[in-house]
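One structure is given below, encoded as structure tokens.
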Amino acid sequence: MDKFYKCYLATVVSYLVIVIISARLSEHPQWLFAILVIAITGIGLIGTVNHPNMHMTSEEVMESKKSARTIVLLEGCIILGCVLLDADMVYISYMAIAVILCAALLCIAKIFKQEVRENEAG
């Protein structure tokens with residue numbers, strides 16, 4: 001977002017959407033887990049986006065992709081552990097929604113071409 005009020009409004013709206021979606025998805029865990037698997041796969045494939053404000057080198061991009069993949073695997077294992085330990089579904093859904101939101105934001109960045117390619121200048 002190019003203005004503070006737009007960013008703030010988008011943050012508030014996304015928070016409200018997350019709260020509503022999380023409550024609904026906690027009632028339908030099969031949908032939640034299906035979307036979560038898709039999100040984990042998406043993060044695993046994309047890894048990271050080199051945003052123009054970050055100006056990462058190719059080595060930094062590769063390290064960031066490796067870290068993103070490691071973290072999403074760890075998060076997936078934690079969520080699986082919570083499911084196996086029969087934790088409250090609301091908590092599990094919030095954790096899953098966080099991963100899903102991350103994947104959605106990565107896809108949005110890709111769709112709107114908010115990344116610097118290696119062959120582009122600064």
Side-chain angles (χ1 to χ4, degrees):
M1 301 288 167
D2 58 348
K3 302 276 188 218
F4 172 77
Y5 75 91
K6 290 179 184 179
C7 187
Y8 184 73
L9 183 63
T11 301
V12 171
V13 169
S14 64
Y15 175 77
L16 292 173
V17 168
I18 288 168
V19 168
I20 292 166
I21 288 174
S22 180
R24 300 286 186 259
L25 284 177
S26 66
E27 297 168 1
H28 305 285
Q30 66 277 12
W31 284 103
L32 177 69
F33 296 132
I35 297 169
L36 177 63
V37 167
I38 292 168
I40 289 173
T41 303
I43 294 172
L45 292 173
I46 296 172
T48 192
V49 173
N50 188 6
H51 192 274
N53 293 339
M54 296 177 70
H55 299 292
M56 289 189 278
T57 64
S58 58
E59 294 84 24
E60 290 172 327
V61 170
M62 293 309 295
E63 187 63 33
S64 180
K65 284 180 185 268
K66 181 180 172 186
S67 296
R69 291 172 179 144
T70 302
I71 290 170
V72 79
L73 180 64
L74 180 62
E75 288 172 342
C77 290
I78 290 170
I79 293 170
L80 178 62
C82 288
V83 169
L84 294 175
L85 292 172
D86 202 29
D88 190 342
M89 195 60 201
V90 173
Y91 299 128
I92 294 170
S93 68
Y94 277 119
M95 290 186 286
I97 288 289
V99 175
I100 293 166
L101 177 63
C102 182
L105 292 173
L106 279 172
C107 290
I108 289 169
K110 285 284 198 183
I111 290 168
F112 288 115
K113 299 182 185 341
Q114 293 183 334
E115 67 178 322
V116 177
R117 302 276 183 194
E118 279 187 53
N119 55 0
E120 291 179 8

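- In this structure, SG in Cys107 is found 8.5 Å from CD1 in Ile43, a value given to the nearest 0.5 Å.
- By the rule that hydrophobic residues join a cluster once side-chain heavy atoms approach within less than 4.5 Å of another member, Ile20 and Val99 end up as members of separate clusters.
- How far OH of Tyr8 is from OH of Tyr5: 15.0 Å, rounded to the nearest 0.5 Å.
- Cluster annotation: Leu36 is connected to Ile78 through the hydrophobic network of ILVMFWY side chains, with a link wherever side-chain heavy atoms come within less than 4.5 Å.
- Within the hydrophobic cluster formed by Ile, Leu, Val, Met, Phe, Trp and Tyr side chains joined at under 4.5 Å, directly or through other members, Ile38 stands alone, with no partner residue.
- Contact record, His55 with Glu60: O-OE1, 4.0 Å, taken as the closest heavy-atom pair.
- Linking ILVMFWY side-chain heavy atoms closer than 4.5 Å, directly or via other members, places Leu85 and Ile92 in two distinct hydrophobic clusters.
- Between Leu80 atom CG and Phe33 atom CZ the span is 8.5 Å, to the nearest 0.5 Å.
- For Lys66, the side-chain hydrogen bond (donor to acceptor under 3.5 Å, both in side chains) test picks out no residue, with sequence neighbours left out.
- Under a hydrophobic clustering in which Ile, Leu, Val, Met, Phe, Trp and Tyr are joined whenever their side-chain heavy atoms come within less than 4.5 Å, directly or via other members, Ile97 and Val83 fall into the same cluster.
- Just one of Leu32, Ile40, Ile21 meets the side chain to side chain contact (heavy atoms under 4.5 Å, CB included) condition when paired with Ile100; it is Leu32.
- Taking both residues in full, the closest heavy atoms of Lys65 and Ile46 are given as NZ-O, 2.9 Å, listed atom of the first, atom of the second, then distance.
- Side chains of Ile71 and Glu75 form a contact here, defined as non-hydrogen atoms less than 4.5 Å apart.
- Taking all atoms of both residues into account, the shortest heavy-atom contact from Gly44 to Arg69 is O-NE, 2.6 Å.
- Met56 forms part of a hydrophobic cluster together with Met54, Val61, judged by ILVMFWY side-chain heavy-atom separations under 4.5 Å.
- Of all the heavy atoms in Ala68 and Gly47, the pair that sits closest is CB-O, 3.0 Å.
- Membership of an apolar cluster is not assigned to Ile111, as no side-chain contact below 4.5 Å to another ILVMFWY residue is traced.
- Residues meeting the side-chain hydrogen bond (donor to acceptor under 3.5 Å, both in side chains) test with Gln30, sequence neighbours left out: none.
- Evaluation of the side-chain hydrogen bond (donor to acceptor under 3.5 Å, both in side chains) rule for Ser14 yields no partner, not counting sequence neighbours.
- Closest approach of Thr48 to Ser64, counting heavy atoms only: OG1-OG, 3.2 Å.
- Side-chain heavy atoms closer than 4.5 Å link hydrophobic residues (I, L, V, M, F, W, Y) into clusters, and following such links, possibly through other members, connects Val12 to Phe4.
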